[in-house]
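Just below is one structure, and these are the notes that go with it.
Start at 1 and go down the list; that is how both ligands and their atoms are numbered. Since we're looking at a predicted model, the values are computed, not measured.
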Amino acid sequence: MRFPSLFVTRSCEAVHRLRQSSFLSPGSALSRHQRVSVSSLLCTEERSYYITTPIFYVNASPHLGHLYSAVIADCLHRYKLLQGFNSKFATGTDEHGLKIQQAAEAAGKDPLAFCTDVSERFKHLFSSCDISHTDYIRTTEPRHRRAVEHFWSVLWDKGLIYKGHYEGWYSTQDESFLTPSQVGDAVDSSGKEIKVSLESGHKVEWMTEENYMFRLSAFRSQLLDWLRGNPRAVQPECFHQFVLQWLQHDLPDLSVSRQRSRLQWGIPVPGDPEQTIYVWLDALVNYLTVAGYPEKHNQWWNVVHHVVGKDILRFHAIYWPAFLLGAGLPLPQTIYVHSHWTAEGKKMSKSLGNVVDPLQRSQMFTTDGIRYFLLRQGVPDSDCDYTDRKVVKVLNAELVDSLGGLLNRCTAPGLNPAQVYPSFCPQSFPREQGGRAVVEDYCMLAAVKDLPAVVEQHYESLHVYKALEAIATCVRQTNRFVQRHAPWKLDKRDIKDQRWLDTIIHVSFECLRIYGTLLQPIVPELSNKLLSRLGVQPGERSWAALNFLPSYRGMECPFEGRALGPDSGVLFSRLGSQNVDQQKPNKAKKAAKKK
Ligand code: ME8
């Protein structure tokens, strides 16, 4: 039996075609083409949403991949808040297990003190990067122990856990049991032959132990039914297919405890202090703990969505749903899976010295800069390569030149001496032909009008990079619109020219307002700066308030005549070559120093 590997860098993106914005010719009424977004229809009653990241191991400091998962979840959380949802967002640290026990021993520290130290580093990174989690869970907390003990007892009472004998392969690095078909041969750095996990490449050891087993085998057909009946349960589609393929094979029962003599750092099995609960069962229950399990979890548990890396898909899409089915609880609504970041083409690893430090990068490129880059370049379906050079290029092109340039042009005192949101003139830009607008301008209006629905669709399917691509395309269109009509050449003494100038700025501001609103989940600080400069108040920044260019449709525009915000500073500062020298592997840096 061979499992399909997730660790091949290739794109398996399903062809995901969006409805193209229809060309809006002069003369066609924009309102006829309006699409009412799903969100605005649903906005009246309060809806709940619950999003989680994996909880991260505290055996090492956070790296870029951890921040990536957190930024994705943060983006979905902020997006749901903008849509009027009551959203809960949990992240945290996974602190039990052999790996942590060994890391604390190696550091010569008490395990809890060791965990607290590293957990604080994750917390600090997240607060520095505007991760707006509403709960931060540590598996060493008493509320979590209670939840795990209860969960275990439910499975036990249902006869789904039995005492057995486990003999097989175990990877401490992955904290994972493996079947013989998941294991292969390799040679370690000293030339010794070893066995490794085919999926992660980590070393495995043979283990034989008395412990508790979970009747995983009993859930195979239920899991298949769930996945077949919910084709969007695991997204993107390629990962859904991986799980279905895994389930074509036998599903052996799963060992869910370790002997206490080998693993002390964990939650003891209720009623059997000689055994410690398997760290993955312990860790997965964190999602329930945050929801209020066992007493009051329903509100959140019915709307839970997980963001995970592809390395832990099996745990989330097979073990976790099986545990939940066993405990009689609803299954997650969506498991969003993302691929991995490599650094300069190589897997990030301590031994190669090429682990990208996310905190340092957020300081170098700003919080918004690193968030934008990760979400703009991160493709969930395939691995992505990180280089500082790419960050500089992307941010300078899209945030400095394109978006920043557009704002700069339209707020420049030369064009806008009164520093207001100017009026729209329907005669200059009529719904019917005959004004000063040209075909491309109508096209742009149609694209920006459609943009919120396009972005919504991409956010929902975790293709955030496509949402950002769509926004960047519209920003370029708006820049071309300004360029095409060169408002700086108009004669301000001529009333018609002045009205047309105001209209150009008004339309550009309306575009910028839409971009700023849609970008809030990605770059909260930059969006705030942009919207504040346009005079858009905090209460006017929700999805429901988008309402692009009402004046064009003969409706009142609340922004017309309003004073611009006072902060006329640059939207995003240009990054220079000093920002690209950081990314050298430690070894290379040391060698360079010696010279
Ligand atoms: O697996 N690129 O924790 P962990 C992108 N504690 N994302 C990456 C990445 C990379 N190179 N490396 C890691 C665990 N990640 C368990 C989880 S959940 C109940 C328990 C991200 O510290 C990605 O989300 O090894 C991956 O799944 C996670 O960090 C693994 O973090």
For this session: Answer yes or no for Ser339: is there a heavy-atom contact with ligand 1 below 4.0 Å?
Result: yes
Problem set entry | Donor + acceptor pair across side chains of Gln83, Tyr49 (<3.5 Å) | no
For this session: Look at atom NZ of Lys109 and say whether more than 12 heavy atoms of other residues, nucleotides or ligands are closer to it than 6.0 Å.
Result: yes
Problem set entry | Location of contacts on Lys310 toward ligand 1, heavy atoms closer than 4.0 Å | neither
Problem set entry | Sequence neighbours excluded, every pair satisfying salt bridge (Lys or Arg N to Asp or Glu O under 4.0 Å) that has a member inside residues 321-331 | none
Exercise. Looking at Ser69, which atoms of ligand 1 are within less than 4.0 Å of one of its heavy atoms?
Worked result: 21 (C), 23 (C), 24 (O)
Exercise. For ligand 1, which atoms, with element, lie under 4.0 Å from some heavy atom of His316?
Worked result: 18 (S), 19 (C)
Seminar exercise, completed: Tyr287 heavy atoms within 4.0 Å reach ligand 1 at atoms 18 (S), 19 (C)
Problem set entry | Distance from atom 11 (N) of ligand 1 to nearest protein heavy atom, with residue and atom | Trp341 O, 3.2 Å
Seminar exercise, completed: Counting heavy atoms under 4.0 Å, the part of Trp280 that contacts ligand 1 is side chain
Exercise. Given Gly309, Gly378, Gly65, which one has a non-hydrogen atom that is nearest to atom 15 (N) of ligand 1?
Worked result: Gly65
Exercise. Of all the atoms in ligand 1, which lie at a distance below 4.0 Å from a heavy atom belonging to Asp311?
Worked result: 26 (C), 27 (O), 30 (C)
Seminar exercise, completed: One finds that the ligand 1 atoms under 4.0 Å from a non-hydrogen atom of Asp94 are 6 (N), 16 (C), 20 (C)
For this session: Determine whether the side chains of Tyr79 and Glu460 contain a donor N or O and an acceptor N or O closer than 3.5 Å.
Result: yes
Exercise. Quick one: does Lys347 get a heavy atom under 4.0 Å from ligand 1?
Worked result: no
Exercise. To which protein heavy atom is atom 22 (O) of ligand 1 closest, and what is the distance rounded to 0.1 Å?
Worked result: Tyr57 N, 2.9 Å
Exercise. Any idea which protein heavy atom is nearest atom 28 (C) of ligand 1, and the distance to it?
Worked result: Phe56 CE2, 4.0 Å
Exercise. Nearest non-hydrogen atom to atom 1 (O) of ligand 1 belongs to which of Ile312, Thr53, Asn286?
Worked result: Ile312
Exercise. Checking ring-ring contact (aromatic ring centres under 6.0 Å, His included) against Phe373, which of Tyr465, Tyr386, Phe572, Tyr68 comes through?
Worked result: Tyr386
Exercise. How far apart are the C-alpha atoms of Asp174 and Ser200, what are their side-chain angles, what is the distance that settles it, and do they pass the side chain to side chain donor-acceptor pair (under 3.5 Å) test?
Worked result: CA-CA 8 Å; Asp174 303 329; Ser200 68; 2.5 Å; yes
Exercise. How about Asn211 and Ser255: does a side-chain donor come under 3.5 Å of a side-chain acceptor?
Worked result: yes
Problem set entry | Selection from Asp174, Ile55, Thr52 by shortest heavy-atom distance to atom 17 (C) of ligand 1 | Ile55
Exercise. Taking only heavy atoms of His63, which atoms of ligand 1 are found under 4.0 Å from at least one of them?
Worked result: 9 (C), 10 (C), 11 (N), 12 (N), 13 (C)
Exercise. Which is it for Glu295 and Arg146 under the salt bridge (charged side-chain N to carboxylate O under 4.0 Å, His left out) test, yes or no, and what are the steps along the way?
Worked result: CA-CA 11 Å; Glu295 287 94 14; Arg146 244 169 35 82; 3.3 Å; yes
Exercise. Taking Phe177 as the fixed residue, which of Phe315, Tyr278, Trp169 is the one that meets the ring-ring contact (aromatic ring centres under 6.0 Å, His included) rule?
Worked result: Tyr278
Problem set entry | Residues, nucleotides or ligands: over 12 heavy atoms within 6.0 Å of His202 NE2 | yes
Exercise. Heavy-atom distance to atom 7 (N) of ligand 1: which of Met348, His338, His66 wins?
Worked result: His338
Problem set entry | Single hit among Asn86, Leu288, Val290 for side-chain contact (heavy atoms from CB on, under 4.5 Å) with Trp300 | Asn86
